[in-house]
Amino acid sequence: MSNSKALSEAVLENGQPAVVEKTMMKDFLALIKVGIVNSNAMTTFTGLWLALHFSGARFLDNIDLILATLIGSSLIVAGSCSLNNYIDRDIDHLMERTKDRPTVTGRVQPGKVALMSFLLIGIGTALLLTTTVTAAVIGLFGVFSYVVLYTLWSKRQYVSNTIVGSISGAVPPLIGWAAVDANLDIMAWMLFAIVFVWQPPHFYALAMRRVEEYRAAGIPMLPVVKGFKATKKSIYIWITALLPLPFFLQELGISFMILATILNIGWLVLGIYLEKLKDDMKWAKLMFVYSLQYLTVMFVAMVIVTLI
């Protein structure tokens, strides 16, 4: 047995290739922010599902369209997120939750991250073009609003950065709907509105928990600039703005409107109840956790009620 062969087998026995592969996959998932990709895939699917349902199209007859939409939209979201990591690598080391990103630690070269980002966006756009041009255009608008309007323009300059960033986060259900029906129905815009209005209270709660990190990075998040009292007030206002939106979705039935209303009122009641704790960090943590469950329950319920 040659030395090189012996070394190769020794490496295999020690599991090193598997470790390297695992590390590479972990870095890739961190770069694309897989959690954001997954949540956006959920809202994309809901928009797509509802468009199929109300247009009378059969799910199984449109598997190719469904796959192209979900994979295409996920790729452009992944590309946008990794491009965000590339741009923010100069400040991410200042924040605890971002200091271990591959773009900060140097495990991945910045140039390769940028190249991967544009490839993902390009392939994703090509897949969306196989559905409708409208879906692809909306997808590219989502990329522009996240990378340019949010990351490059507003994030480091304006306290309204969260609101600007909410535009891109609300685009996926529009992509899903447009892939089936390019003539966007009022319901599609209501899905956009729900996700748009949901994001500020969700991210303001997160910003309260990470306020010192944002302060260190020089990012003018609302809690950094205005303080916790003003942030809480803003959260309550945005949650209140969610209250009328379910009533524009009457086609989903009374059971959905009741559930959605309970979720909205429950969010407000939770915030008011937690005020008794006199602990802003615990308040922010529980409001953030509720916001995560809120979006999941809301969009899964939209699918379920069409099956009943």
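Keep in mind that what you see is a predicted model, and the values were worked out from it rather than measured.
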Student: Within the structure provided, determine whether P110 and T103 are in side-chain contact (heavy-atom separation under 4.5 Å).
Tutor: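 Counting from C-beta outward, P110 and T103 never come under 4.5 Å.
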
Student: Parallel, tilted or perpendicular: which one describes the rings of W238 and F196, with boundaries at 30° and 60°?
Tutor: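 W238 vs F196 ring planes: perpendicular.
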
Student: Pairs under 3.5 angstrom only: tabulate donor-acceptor contacts from the side chains of residues 180-190 to other protein residues two or more places apart or in another chain.
Tutor:
unit_1, atom_1, unit_2, atom_2, d
D181, OD1, N183, N, 3.0
D185, OD2, M187, N, 2.8

Student: Quick one: closest heavy-atom pair of I175 and G139, and the distance?
Tutor: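 Looks like CD1-CA, 3.7 Å.
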
Student: Nearest 0.5 Å, please: how far is OG1 in T23 from CE in M25?
Tutor: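 If we round to the nearest 0.5 Å, M25:CE and T23:OG1 are 11.0 Å apart.
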
Student: Ion pair present between D88 and R101, side-chain N to carboxylate O less than 4.0 angstrom?
Tutor: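 R101 and D88: not salt-bridged.
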
Student: Does any part of the side chain of V224, heavy atoms only, come nearer than 4.5 Å to the side chain of I219, both counted from C-beta?
Tutor: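 A side-chain contact under 4.5 Å is absent here.
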
Student: With no hydrogens and no angle check, is any side-chain donor or acceptor of T151 less than 3.5 Å from a backbone partner on V148?
Tutor: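 No: the side chain of T151 does not pair with the backbone of V148.
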
Student: Quick one: do the T306 and W49 side chains pair a donor with an acceptor below 3.5 Å?
Tutor: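 Distance-only check passes for T306 and W49.
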
Student: For the ring pair Y158 and W153, is the centre-to-centre distance below 6.0 Å?
Tutor: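 Between Y158 and W153, the centre distance is under 6.0 Å.
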
Student: Supply the atom-to-atom distance I138 CD1 to S145 OG, rounded to the nearest 0.5 angstrom.
Tutor: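 Separation between the atoms: 11.5 Å.
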
Student: Are P102 and F28 packed together at the side-chain level, in the sense that at least one heavy-atom pair is separated by less than 4.5 angstrom?
Tutor: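 No, side chains not in contact.
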
Student: Pairs of donor and acceptor atoms involving the side chains of residues 64-73, under 3.5 Å and at least two apart or interchain, shall be tabulated with distances.
Tutor:
unit_1, atom_1, unit_2, atom_2, d
T69, OG1, L65, O, 2.7
S73, OG, T69, O, 2.8
S73, OG, L70, O, 3.2

Student: Are the side chain of W267 and the backbone N or O of Y290 linked by a donor-acceptor pair below 3.5 Å?
Tutor: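 Answer holds: no.
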
Student: State whether D61 and R58 are salt-bridged, where the test is any N-O pair (Lys NZ or Arg NE/NH1/NH2 against Asp/Glu carboxylate O) under 4.0 Å.
Tutor: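 Judged by the 4.0 Å cut-off on N to carboxylate O distance, D61 and R58 do form a salt bridge.
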
Student: With the side chain counted from C-beta on, respond yes when V211 and M221 share a heavy-atom pair under 4.5 Å apart, and no when they do not.
Tutor: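 Side-chain contact under 4.5 Å: no.
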
Student: Could you give the distance from CG (L127) to OG (S74), rounded to the nearest 0.5 Å?
Tutor: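 Here the interatomic distance stands at 10.5 Å.
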
Student: Report yes if the side chains of L50 and E251 come closer than 4.5 Å at any heavy-atom pair, otherwise no.
Tutor: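 A side-chain contact under 4.5 Å is absent here.
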
Student: Other than M257, which residues form its hydrophobic cluster under the rule that side-chain heavy atoms must be closer than 4.5 Å?
Tutor: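 In the cluster with M257 are F247, I254, I258, I262.
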
Student: Whether the Y150 and N84 side chains hold a donor-acceptor pair (N or O, under 3.5 Å, no angle test) is what I'd like checked.
Tutor: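 Note: Y150 and N84 side chains miss the donor-acceptor criterion.
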
Student: So which atom in A178 and which in T132 form the shortest heavy-atom distance, rounded to 0.1 Å?
Tutor: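 Between these two residues, the closest heavy atoms are O-OG1, 2.8 Å.
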
Student: Nearest heavy-atom pair of P173 and V195: which atoms, and what distance?
Tutor: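 Heavy atoms of P173 and V195 come nearest at CG-CG2, 4.3 Å.
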
Student: Take atom CZ of F228 as the centre, draw a 6.0 Å sphere, and report whether it contains more than 12 heavy atoms from other residues, nucleotides or ligands.
Tutor: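 More than 12 heavy atoms, drawn from other residues, nucleotides or ligands, come within 6.0 Å of this atom.
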
Student: Could you check whether any side-chain heavy atom of F299 comes within less than 4.5 Å of a side-chain heavy atom of L191, counting everything from C-beta outward?
Tutor: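 Side chain of F299 against side chain of L191, heavy atoms only: contact under 4.5 Å found.
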
Student: Between S291 and H202 (side chain of the first, backbone of the second, donor and acceptor by atom type, cut-off under 3.5 Å), is there such a pair?
Tutor: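 Not a single qualifying donor-acceptor pair exists.
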
Student: Would you say that L120 contacts I76 through its side chain, given a criterion of any heavy-atom pair below 4.5 Å between the two side chains?
Tutor: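 Contact flag for L120/I76 side chains = no.
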
Student: If you look at every heavy atom in A51 and W177, which pair is closest and at what distance?
Tutor: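 Of all heavy-atom pairs spanning A51 and W177, the closest is CB-CD2, 3.6 Å.
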
Student: Are P223 and T231 packed together at the side-chain level, in the sense that at least one heavy-atom pair is separated by less than 4.5 angstrom?
Tutor: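 Of all side-chain heavy-atom pairs linking T231 with P223, at least one is under 4.5 Å.
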
Student: Nearest 0.5 Å, please: how far is CZ in F288 from CZ in R209?
Tutor: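 Result: 6.0 Å between the selected atoms.
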
Student: Between D280 and K232, does at least one N-O distance fall below 4.0 Å, as a salt bridge requires?
Tutor: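 Salt bridge flag = yes for K232 with D280.
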
Student: Answer yes if the side chains of R107 and T105 hold a donor-acceptor pair under 3.5 Å, and no otherwise.
Tutor: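 T105 and R107 do have a side-chain donor-acceptor pair below 3.5 Å.
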
Student: Rounded to the nearest 0.5 Å, what separation is found between the CH2 atom of W283 and the CE atom of M208?
Tutor: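 Here the interatomic distance stands at 5.5 Å.
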
Student: Working to the nearest 0.5 angstrom, can you tell me the gap between M302 CE and L259 CG?
Tutor: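 The distance works out to 9.5 Å.
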
